[in-house]
Amino acid sequence: MAELLQIMVAVVAVGSLYALIALGYTMVYGILKFINFAHSDVFVLGAWVSLVLSVMIISALKLAPGSSPPLWIAPLVLIAAMVVCGLVGFAIERLAYKPLRKAPRLNVLITAIGVSLLLQNVGQLTGFAVAKDDDGKTIATVPFGPSPKRMPSLLPETAAPDPNLAKPLVLIQPVDVFIFVSAIVLMVGLQYLVFRTKFGAAMRAVSFNTETAALMGIRVDRVISVTFVTGAMLAAAAGFMYALKYPGLNQTAHETWVLLGLKAFVAAVVGGIGNVRGAVLGGFLIAFIEFMGMYCFSKYLDPVLHTNMGTNLRDVYVFAMLIFVLLVRPAGILGSQLKEKV
Amino acid sequence: MSDYLLDVRGIGISFGGLKACDGLTVQIPTGGLHGLIGPNGAGKTTAFNLITGVYRTQMGSVTLDGVKVDHLRPHEIAKAGLSRTFQNIRLFSELSVLDNVKLACHCRGRHTLLGTLLRTPRFVAQERAMTARAIEMLDVFSLQHLAGEQAKNLPYGDQRRLEICRALATEPKVLLLDEPAAGMNPSEKKALAQSIKLIREQFKLAVLLIEHDMGLVMDICEKITVLDHGCTIAHGTPSEIQNNPKVQEAYLGEPATA
Amino acid sequence: MSGELQQLVPTMMPSAARALLKGVALPVASALVLGLVMQFVVGPAIGAYPASVALQVGISVMLAVSLNIVNGYTGQFSIGHAGFFAVGAYVGAGISYYAALSGIDPASGQQPSQALSNGAWLVWNDGQNFLFSYGEWRMILASIVGGCVAAGLGYIVGLPSLRLRGDYLAIVTLGFGEITRVLLTQTKPQIFDRDELAATHAKDWVIPPMGGATGFSDIPAYASLMWVWFFVAVMIFFAYRVKQSSTGRALLSIREDEIAARSMGVNITKYKVRAFVLAAGLAGLAGSLYAHTGQVIRPQEAGFQRSFEVIIFVVLGGMGSISGVVLAAIILSILPEALRDLSEYRLIVYALLLILMMIVRPKGLFGVREIWEFWPFTRAKKSEKKVITP
Amino acid sequence: MGENETILEVRDVSVRYGAIRAISNVSFSVKRGEILTLIGSNGAGKTTTLRAISGMVRCTGNVRFMDQEIAGTRPDVLVTRGLCHCPEGRGIFANMSVEENLNLGAFIRSDKHEIEKDKQRVFELFPRIKERLKQNAGTLSGGEQQMLAIGRALLARPKLLLLDEPSLGLAPQLVQTIFKIIREINAQGVSILLVEQNAHMALQVAHHAVVLEVGKVAMTGLASDLAKSDEVRKAYLGHG
Amino acid sequence: MVGRLATVVRRLSLGLGLAASVVAGGVVAIGAANAASEAAQPAKAESKAPIVIGHYGSLTGAEATFGQSTSEGIRLAIKELNASGGIDGRMVELKEYDTKGDPKEANLAVTRLVKSDKVVAVLGEVASGLSLAAAPVCQKAGVPMISPSSTNVRVTKVGDMIFRVCFIDPFQGLACAKFASENLKATKAAMLYDQKAPYSVDLAKEFKKAFEKMGGKVVAEQTYSGGDGDFTAQLTNIAASKPEVLFVPGYYTDVGNIALQVRKLGITCPMLGGDGWDSEQLGKTAGKAIEGSFYSNHYAPDQPDEQVKQFISKYQSAYGGKTPDGLAALGYDAANILFDAMKRAKSTDGKPLRDAIAATKDFKAVTGTITIDQNRDAKKSAVIVEMKGDPLGPKFKARVEP
């Protein structure tokens with residue numbers, strides 16, 4: 001029971017991350033009808049920017065050794081990372097996607113792959129030092145370089161449980177709470193933006209029919225840009241939280257980043273691509289399937305099969321569910337299927 | 001068993017509560033030429049889609065030459081001998097004119113992957129037969145000089161004619177034409193009317209025609225069915241239709257007394 | 001009236017001998033010529049390193065040509081192509097490797113370990129095993145089996161998923177590729193010892209010993225320039241023949257307009273599956289040949305990065321244009337080699353070029369047309385485009 | 001500004017879709033405060049003409065709106081200048097509520113008070129819309145959708161309204177209502193360019209009319225004159 | 001008929017000819033540059049032309065950090081050598097190509113090094129899988145290859161041209177098992193390894209073999225994929241099995257995250273790992289969580305060994321104060337063993353050079369005293385280090401002899 005609860009904690013935290021990334025996929029798809037394969041790289045960028053910013057701030061503060069950094073850094077870094085990634089998202093949209101607005105969607109897809117490759121490999125270069133420690137050693141660079149780095153812990157950590165005391169039923173770290181709460185705040189914020197504001201109405205109008213939206217006086221290009229930027233910002237937020245939860249960051253071209261992004265994308269599809277609520281639902285569902293799959297397979301099947309692959313198949317659970325959902329409900333759980341006019 | 005080549009009885013479909021087609025009955029004998037008219041949005045094209053299996057009928061039945069064809073899939077219906085053109089021309093635009101027509105010969109052939117890859121004698125002969133037949137068909141429509149051209153590069157009128165030509169190449173028993181004269185000028189329309197009649201004679205088939213150009217419809221059709229809002233509002237010979245007050249109202253918006 | 005076409009067929013049958021000549025002998029002969037030219041003229045002329053690049057280029061061309069059948073002709077967007085490639089590679093490599101290891105290599109009569117290493121390097125050099133060494137025949141057999149298994153898998157995957165359209169199909173195929181990749185990582189460790197192999201039981205092969213995540217290594221390198229380019233030519237022939245046939249027209253019509261295609265009597269499900277199966281089979285064949293170029297094959301071969309690579313070939317070459325995708329595959333697989341001196345900037349330049357090319361040439365190198373349609377002689381006909389008012 | 005001043009002038013406008021020329025050298029002008037109707041059979045190029053004017057398709061030739069050249073201007077810019085296009089098939093955002101649809105009509109405006117007043121006016125014109133304010137626009141009937149589309153266009157406070165087949169697919173009584181409303185709107189000072197298949201109704205409400213035939217202007221004149229013309233009847237009904 | 005045949009033939013020949021000529025043309029284009037250097041080389045060879053050696057490694061991709069560290073070690077060795085006058089007055093030049101961590105790329109890179117750049121010897125790769133893909137090229141061409149850090153047994157079995165300067169997996173697995181059972185007195189061990197990394201898989205296998213031979217029991221065996229962020233599911237299973245030592249033979253890129261989560265989930269037993277842990281990043285990433293854990297390594301920085309101290313200080317001054325990791329040290333050693341052999345061989349030809357490398361005996365390297373055995377593997381001792389102190393770092397704990 002305790003084990004299950006522990007896994008549910010992970011599901012909630014990881015699900016929040018998936019959901020945040022999935023939102024970006026879904027929003028861009030809703031409006032431009034193309035899969036933005038570069039989205040996961042913006043997420044990676046978010047994680048790394050958060051790392052660099054935190055390191056810079058902390059080294060600028062010259063904290064006494066051993067003291068934990070002040071709490072205000074976390075929200076500051078979060079916002080700054082969102083701004084940086086928002087700007088990058090804007091630039092990507094303008095330079096790489098906008099010239100292709102009228103081109104076949106496949107081209108845009110290839111361009112997205114190109115952008116993704118570009119971001120990965122630029123991030124891997126060892127760039128200029130932006131922070132040094134007391135000995136004059138470089139501790140952060142932009143771009144980020146190939147060696148893994150550690151994200152400073154910006155939140156208080158609970159001490160490891162005392163082995164002499166009775167083991168608590170379930171361990172919840174402050175970071176998990178923080179992730180869940182801020183993800184919820186962001187999602188509610190997005191929900192408000194999309195469904196309660198004039199601009200959100202414009203976004204939905206554009207996603208429903210670009211042409212008619214223009215006839216309402218909506219500047220379609222601007223709406224697309226803003227959507228893109230919003231998606232990038234949510235990805236950045238996810239990146240920040242990821243870095244907090246898993247402080248050892250691998251370099252930007254690591255394939256697990258892409259895979260993580262891909263799973264978030266699966267979440268968007270499972271929920272019904274183009275549907276904001278679907279993306280959130282999909283995110284949590286994917287995390288649930290992934291973790292429960294791992295847990296159940298290794299607990300119940302591996303001993304029977306004399307194998308050891310329960311945890312290795314985590315991607316299989318996710319993709320198998322994707323295929324299952326699409327075959328049963330081809331437009332995703334909350335998606336709606338449109339009939340082609342003859 | 002019905003006496004009609006194409007016997008459509010009471011077919012209908014509704015999309016989300018909206019009855020796009022409601023109980024349409026059309027019966028065409030061999031060699032018949034039947035018109036289906038009605039204002040925009042009356043459900044004419046929906047009717048075509050139902051007959052050709054693009055949509056599944058929710059009621060009624062379609063019988064072709066004594067064979068029930070509703071609930072067959074579109075390609076099976078095509079094979080059974082029902083062929084159509086489309087309102088907004090649906091040619092295979094990147095393919096050549098010849099290939100467009102050759103494709104239509106497809107449903108009368110046998111196509112194995114192995115034959116294709118190894119170019120078996122059977123395959124070669126069939127390809128040749130298809131080419132011969134396609135050229136013959138293009139000849140009928142005087143399109144043979146454009147055979148190598150990509151379909152999208154054809155002038156509008158030729159595209160329309162190519163579509164009819166393509167439909168005929170499937171060797172249909174009944175031909176469904178969806179607004180074949182749309183966008184044509186009067187002289188082209190006149191020629192079209194001629195060729196529709198000619199086709200009927202030469203290929204011995206029945207034609208069901210959707211058309212907006214009343215002149216054309218009145219000119220060539222023997223029977224006309226008028227639709228409005230998915231319902232049949234009139235049925236009869238051209239002169240009956242022309243003088244039907246309901247039709248005038250549906251079309252011109254004039255009150256029946258005008 | 002109907003069936004008239006079928007009546008025409010017998011009268012148009014060419015003589016069987018001539019058909020055999022044109023249908024089979026001619027292409028095989030020209031493929032052989034290309035293979036031999038690559039092996040004995042181009043290979044030695046360009047030197048060993050460019051020759052091994054040419055080997056990989058050949059594999060890329062095969063992949064591009066095969067994917068072009070699904071993505072290019074049929075307009076179905078598959079991004080799981082690498083999955084079939086990997087399956088073919090593993091099946092082919094497994095057959096070849098374990099057959100060699102178990103010692104059924106009467107040609108050499110050597111100890112298996114020696115046979116393996118010799119087989120890998122002597123095929124073209126030792127003179128005794130010239131063209132028809134057992135190893136090479138076995139490779140071809142293994143590759144055909146690999147292709148068939150991949151094709152079978154293509155059928156299993158294609159039948160349900162081809163009901164989906166556009167992006168959804170893409171996502172399902174992506175999922176399939178990833179599942180394949182993960183499952184390949186779960187295979188058991190490779191067996192390197194003959195005795196150990198002899199001691200295995202059937203149940204040990206339920207999960208085959210294919211090296212797991214570590215990869216499958218020591219595959220005999222029988223795939224010389226000759227064989228790779230022979231099969232490149234055969235595949236191009238296949239692709240061309242399919243394109244110029246009723247089947248090809250049916251596929252193209254599906255891409256152009258599914259609804260019209262159905263109304264013309266094309267069973268679109270059948271043809272989509274057919275295209276998918278053919279493409280998967282050819283990719284499997286290419287995969288097996290790739291495994292036999294002396295590479296370690298790893299589950300990553302099935303990953304989406306590899307699939308993307310192939311999609312880029314197809315889109316950049318022009319969807320459906322055989323010569324276009326061939327050219328794109330050649331250029332794009334040579335490009336990273338040409339950029340090798342840039343070390344870590346290499347992929348950055350590659351990515352930038354990719355984006356730029358898409359913006360500058362959105363329809364691919366040749367659009368859907370073939371290169372010879374741009375030839376000066378045929379060009380004239382195209383230019384007389386007219387604009388006509390209705 | 002004089003009573004008869006021209007609000008929209010279309011001169012030699014042509015549009016090509018690939019190799020097909022949809023309209024060629026179409027010229028006409030709309031006077032301030034009038035209703036001009038563009039009639040013609042299917043495929044005659046009526047919709048294309050409207051799309052060319054509102055910048056949705058590229059065209060050659062000149063389009064002047066309130067003495068400014070607007071050919072090639074983006075539709076969203078034109079809306080801010082007072083040219084609203086109510087597209088064929090109504091262009092309702094079926095995924096939003098009726099109210100949201102209306103609000104989008106006033107997207108370019110920020111004067112909350114005035115918008116509210118304009119909304120009330122729309123509700124006066126279309127009382128049915130007010131009843132369905134919270135409903136999903138996709139669930140409205142055809143006539144209600146058409147009303148919503150027109151009402152929505154009015155909220156942008158257009159000087160010139162382009163209406164594309166407002167009677168399409170509507171029951172006869174509804175068609176009557178819609179045309180009545182068109183006249184009312186016009187009476188409030190909005191110039192209207194009306195594209196219609198229902199020639200009879202269109203000619204009744206319009207001041208001037210243009211008949212298009214296969215992409216070209218076949219006739220222009222006073223609506224009342226054209227209504228009597230046999231040509232028009234023939235074009236539509238095929239009477240000899 | 002004739003006309004159509006002619007068309008067919010024309011298209012065929014055009015298509016095939018085009019394919020062939022484009023391949024030829026394109027490949028010749030790359031070849032051209034190489035040919036130029038090939039042509040230039042013999043002319044220079046008579047004088048004091050530089051000796052070119054090659055390095056192939058993953059400079060980009062998921063394993064970029066491995067290739068780059070190794071590269072830095074090699075470059076440092078070359079710089080020193082050239083500063084001290086090179087080999088008989090000939091400078092050494094490095095040709096380096098990226099492999100992206102892909103066997104195909106590794107194979108091509110080495111082919112290029114050997115065939116086009118005509119290097120006299122090749123250094124690389126870190127990952128055994130890539131070394132295995134490229135070694136046959138060197139073997140066939142008769143160019144010696146020294147892998148700095150491929151620990152898989154089979155790498156040097158490819159042929160007599162292939163060497164390594166690191167110990168092999170079975171030895172390291174044994175060393176860890178020995179330490180666990182003798183020093184830590186553990187009888188119950190859990191394992192968590194990277195199923196994607198051959199290094200990790202093999203090490204786990206060897207550890208299990210050795211540990212169970214010594215009477216211990218592996219109570220839980222869990223895997224992950226390199227780069228995974230979340231290990232909750234695996235660690236939950238491990239925690240349930242109550243191990244006395246947790247063996248994590250992965251790369252430090254993952255171990256940091258693993259250690260953090262291990263402690264967060266309340267697993268308190270010491271962790272044990274292999275040389276893949278060795279990086280100054282480990283202490284920085286894992287912080288307190290890794291304190292009191294052990295790993296086997298080629299050397300310990302606090303060893304009272306002149307070689308080690310010198311290397312560290314030279315490395316730090318060359319690379320902005322960065323502490324070298326094990327891969328850098330191994331790269332440095334591989335290069336130095338090669339240079340030593342070159343000096344002894346008095347030739348850069350494949351055969352004599354090979355023989356000289358094979359004859360390496362008691363070479364004082366940074367990572368210990370290296371003797372190349374008859375399997376062309378390095379015979380050297382391993383050390384076990386403990387993560388402790390402030391700043392947190394590896395401290396010498398025990399030495400395990402082969």
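In the text below, chain A, chain B and the rest are named by the order of the sequence lines, each starting its count at 1. In what follows, every heavy atom counts, from backbone to side chain, and hydrogens, waters and symmetry copies are set aside.
- Applying the 6.0 Å contact sphere to CZ of A/F288 captures no more than 12 heavy atoms from other residues, nucleotides or ligands.
- When heavy atoms are compared at a cutoff of 4.5 Å, E/A286 approaches chain A solely by way of its backbone atoms N, CA, C and O.
- Neither the backbone nor the side chain of E/F66 comes within contact range of chain A; no heavy atoms are under 4.5 Å apart.
- When heavy atoms are compared at a cutoff of 4.5 Å, E/D254 approaches chain A solely by way of its side chain, counted from C-beta outward.
- Taking CD of A/E3 as the reference point, atom CG of E/L235 lies at 12.0 Å (rounded to 0.5 Å).
- The two residues E/K284 and A/R150 come nearest to each other via the heavy atoms O-CD, 2.9 Å.
- E/Q195 places none of its side-chain heavy atoms less than 4.5 Å from the side chain of A/T311.
- Among E/S225, E/G256, E/A233, E/G226, the residue making the largest number of heavy-atom pairs under 4.5 Å with chain A is E/G226.
- Atom NZ of E/K209 has 12 or fewer neighbouring heavy atoms from other residues, nucleotides or ligands inside a 6.0 Å radius.
- Between A/M294 atom CE and E/Q222 atom CD the span is 10.0 Å, to the nearest 0.5 Å.
- Rounding to the nearest 0.5 Å gives a distance of 8.0 Å between CD of E/Q234 and CG of A/N312.
- Contact count versus chain E (heavy atoms, under 4.5 Å) is highest, among A/Y242, A/F291, A/W257, for A/F291.
- Contact annotation for E/D228: both backbone and side-chain heavy atoms come within less than 4.5 Å of a heavy atom of chain A.
- The part of E/L59 that comes within reach of chain A is its backbone (N, CA, C, O), which places non-hydrogen atoms under 4.5 angstrom from that chain.
- Considering only heavy-atom pairs separated by less than 4.5 Å from chain A, the leading option among E/D230, E/T65, E/L260, E/T236 is E/D230.
- E/E63 CD to A/Q251 CD: the interatomic distance, rounded to the nearest 0.5 Å, is 8.5 Å.
- In this structure, E/K196 and A/E255 have side chains that are in contact, with non-hydrogen atoms separated by less than 4.5 Å.
- Interface check for chain E: of the options A/M292, A/R314, A/E290, A/Q120, the most heavy-atom pairs under 4.5 Å are formed by A/R314.
- Between E/T285 and A/P148, every side-chain heavy-atom pair lies at or beyond the 4.5 Å cut-off.
- Taking 4.5 Å as the limit, every side-chain heavy atom of E/T232 sits out of range of all side-chain heavy atoms of A/V9.
- When all heavy atoms of A/Q124 and E/G61 are compared, the closest pair comes out as NE2-O, 2.7 Å.
- A distance of 8.5 Å separates NZ of E/K100 from CG of A/N121, quoted to the nearest 0.5 Å.
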